[in-house]
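To keep things clear, I will list the structure first and then write my remarks on it.
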Amino acid sequence: MNNSWEDNVRRVVPYVPGEQPKETDVIKLNTNENPYPPAPEVRAILDSFDESRMRLYPTPDAAELTDAIAERYGLKSSQVFVGVGSDDVISMAFLTFFNSDKPVLFPDITYSFYDVWADVYRIPYQTKPLRADLTIDPADYKCENGGIIFPNPNAPTGVYESVEMIEDIVKANPDSVVMIDEAYIDFGGESCLPLIEKYDNLLVIQTFSKSRSMAGMRIGFAMGCEKLIKYMNDVKFSINSYTMNTVTQVCGAAAVRDEKYFRDTVQKIIDTREYSKKKLSELGFMFPDSMSNFIFASPHKKSAEYVFTELKKRRIFVRWWDKPIVRDYLRISVGTREEMDKLFAALEEIING
Ligand SMILES: *Cc1c(COP(=O)(O)O)cnc(C)c1O
C-alpha cells in the first residue's frame, strides 16, 4: 500500500488529561475539579431555559458573558476575550501572539499543554528549570524570546509568585507578549490583573473550571488591553466564530454575578487545603506551600508510584506523572473535608500500616 499521504500529516503527541473514571463511587482528587456545585442560579436557568433560543446562533463574542465578566473585574467588554475553557483561550493566544522565530519561554515543570500547543502550531520554545524550591527564577526570563507563559500559582507545584515578580518580568519584555495563566489565582493569591492598565503586553487568563465549579461547561477568559483582545478576536473569527453555546453563556453570566457564593465556596476549599497541609505533614509528606486547590506532595517514606497505585485500589484517584523530578510527587486536589478524611485514613494505612 502506498501511504505517502501520511508524509503530509501534521503529527502531534497530544496532551494527556487526568483520568475520568466511569465509576461514580470514587473519590476523585486527580483533575483539580471543584467538589461543590456551581452557583444556585445555574440550576434555575437550566430548569427554565427557553429552548426556542437554541434555534438562533449564539452571539459570536459571547456578549452576555463577556459583559458580566467585564463588570465583575471592572473592565471594558473590549478588554475581555471569552473561550471554550481556558485551554481554548490559551491555544488562541499562542496562535495569535507567539508568531516569531525566537523561542517562547516557560518553566520545565509546568502545565503540560504548553509544549503541545507549541508543537502543533510549530512555535519554537525553550523551557527554563525551576529553582530547587520549585520557584521561578525571573532572571531566566530576561533573554531574547518570542513570548512568555507560566501559570500563577504554577501547576502542578501550587507555588505562587508575587505580583512584583511578575511585573519585573513583564517590564523586562516590552517586545513580547507575557501570558499569566491564573487558573488557580482565586484560591488565595493576588491577581496581576491591575497590571494590564500599565502594560499593553500582558495577557491574564482565568477559568470557570476550578474556582467556579464549571469544568464541564467549558468557560475560560483572557483580560488585557483592547489591542491584545482585538488581535485575539481577529484570529478566532477567522477559524470558528460560534464556539460558545447560548446555554453556557447565560449560565456563566449568572455564575459570575453570584459573588457571595463564589467567595464562600473558595473559602471552604482554602480551609480544607490548610487542614490537609497539617494532615499531610503528620503523615510525613513533603510539599512546597500551595496557594491553589491542590497540593503537590512527596510521600518520601514510600514511593509516590506505590502510594498512587495503592490509593487507586481503594478507589481514590490522585495524579501521578512518570517523569523526572515530578515522579516523586503526587498531585492531590482538595476535595470536601469528608473526602480528604477518607484519603488521610487510606494514606495512614498505606504509609504506616
Ligand atoms: C485547569 C487548567 C487550565 C485549563 O482549564 P480549562 O478547564 O480549559 O479552563 C489551564 N491552565 C492550567 C494551569 C490549569 O491547571
Side-chain angles (χ1 to χ4, degrees), residues 14-20 28-35 38 62 65-66 69 80-95 98 104 106-118 120 127 130 134 136 148-161 166 178-189 191-192 203-223 232 236 243-245 248-249 251-252 255-256 262 266 269 273 288 290-296 318-319 321 326 329-335:
Y15 171 75
V16 183
E19 197 176 341
Q20 293 291 352
K28 201 172 170 303
L29 306 172
N30 67 335
T31 52
N32 299 341
E33 288 142 333
N34 195 310
L65 178 55
T66 304
I69 293 170
V80 178
F81 175 93
V82 164
V84 183
S86 55
D87 288 341
D88 177 42
V89 175
I90 302 168
S91 144
M92 279 294 142
F94 267 53
L95 194 55
F98 294 168
V104 163
F106 47 84
D108 59 345
I109 298 173
T110 195
Y111 189 37
S112 49
F113 225 139
Y114 300 154
D115 57 352
V116 175
W117 287 313
V120 73
T127 60
L130 294 180
L134 304 180
I136 290 170
I148 292 170
I149 183 163
F150 57 87
N152 191 40
N154 195 8
T157 64
V159 174
Y160 169 75
E161 304 288 353
I166 286 170
V178 179
M179 301 180 194
I180 305 297
D181 178 354
E182 292 191 334
Y184 302 102
I185 198 66
D186 295 326
F187 300 104
S191 172
C192 66
L203 191 71
V204 180
I205 299 141
Q206 295 190 7
T207 174
F208 282 41
S209 296
K210 280 82 184 214
S211 56
R212 295 187 194 273
S213 311
M214 292 175 90
M217 286 299 257
R218 313 304 303 127
I219 304 173
F221 56 105
M223 299 170 285
M232 283 189 77
K236 182 209 157 146
T243 51
M244 182 177 284
N245 69 72
T248 303
Q249 292 186 29
C251 290
V256 81
F262 166 72
V266 161
I269 293 168
R273 176 187 70 208
S290 167
M291 284 279 258
S292 58
N293 68 338
F294 57 84
I295 300 169
F296 191 55
V318 298
R319 194 91 192 262
W321 290 272
V326 300
Y329 293 84
L330 299 172
R331 192 197 64 189
I332 305 168
S333 309
V334 176

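Only a predicted model underlies this, so the values are computations on that prediction, with no experimental measurement involved. In each ligand, atom 1 is the first atom listed, and ligand 1 is the first ligand listed. Because only heavy atoms are used, hydrogens play no part in the values below, and waters and symmetry mates are left out as well, while side chains stay in.
Annotation: Asn32 places no N or O atom under 3.5 Å from an N or O atom of ligand 1; distance criterion only. At least one N/O-N/O distance between Asp87 and ligand 1 falls below 3.5 Å.
The single protein non-hydrogen atom nearest to atom 1 (C) of ligand 1 is Lys210 NZ, 1.2 Å, given as residue, atom name and distance. Among protein heavy atoms, the minimum distance from atom 13 (C) of ligand 1 is reached at Asp181 OD2, 3.3 Å. Ranking the protein heavy atoms by distance from atom 8 (O) of ligand 1 puts Arg218 NH2, 2.8 Å first. For atom 15 (O) of ligand 1, the closest non-hydrogen atom on the protein side is Tyr184 OH, 2.5 Å. For atom 7 (O) of ligand 1, the closest heavy atom belonging to the protein is Ser209 OG, 2.6 Å.
By the criterion of a heavy-atom distance under 4.0 Å, the side chain of Ala183, and not its backbone, is placed next to ligand 1. At a 4.0 Å heavy-atom cut-off, ligand 1 does not touch Phe208 at all.
Relative ring orientation between Phe296 and Tyr329 is described as parallel, the plane-to-plane angle staying below 30° on a 0-90° scale split at 30° and 60°.
The nearest pair of heavy atoms linking Gly18 to Thr31 is CA-CG2, 3.6 Å.
Remark: side-chain polar atoms of Arg273 are paired, donor with acceptor, to backbone N or O of Phe187 under 3.5 angstrom. Side-chain atoms of Asn154 do not come within 3.5 Å of backbone N or O of Leu134 as any donor-acceptor pair. Between the Arg212 side chain and the Phe262 main chain, no donor and acceptor come within less than 3.5 Å of each other.
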task: Apply side-chain contact (heavy atoms from CB on, under 4.5 Å) to Phe208 and Ile69, showing your working.
output: CA-CA 11 Å; Phe208 282 41; Ile69 293 170; 4.1 Å; yes
Using distance only, find each side-chain donor-acceptor pair of residues 82-90 under 3.5 Å and give its atom names and separation, not counting sequence neighbours.
unit_1 : atom_1 : unit_2 : atom_2 : d
Asp87  : OD1    : Tyr111 : OH     : 2.7
Asp87  : OD2    : Tyr111 : OH     : 3.4
Asp88  : OD2    : Val84  : N      : 2.8

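Asn32 meets the side-chain contact (heavy atoms from CB on, under 4.5 Å) test with Tyr184, Lys210, Asn293, Phe294, Arg331, Ser333; sequence neighbours excluded.
Residue contacts with ligand 1 include Gly85, since one of its heavy atoms falls under 4.0 Å from the ligand.
For ligand 1, the atoms sitting less than 4.0 Å from at least one non-hydrogen atom of Ser86 are 3 (C), 4 (C), 5 (O), 6 (P), 8 (O), 9 (O), 10 (C), numbered in the order shown with element in parentheses.
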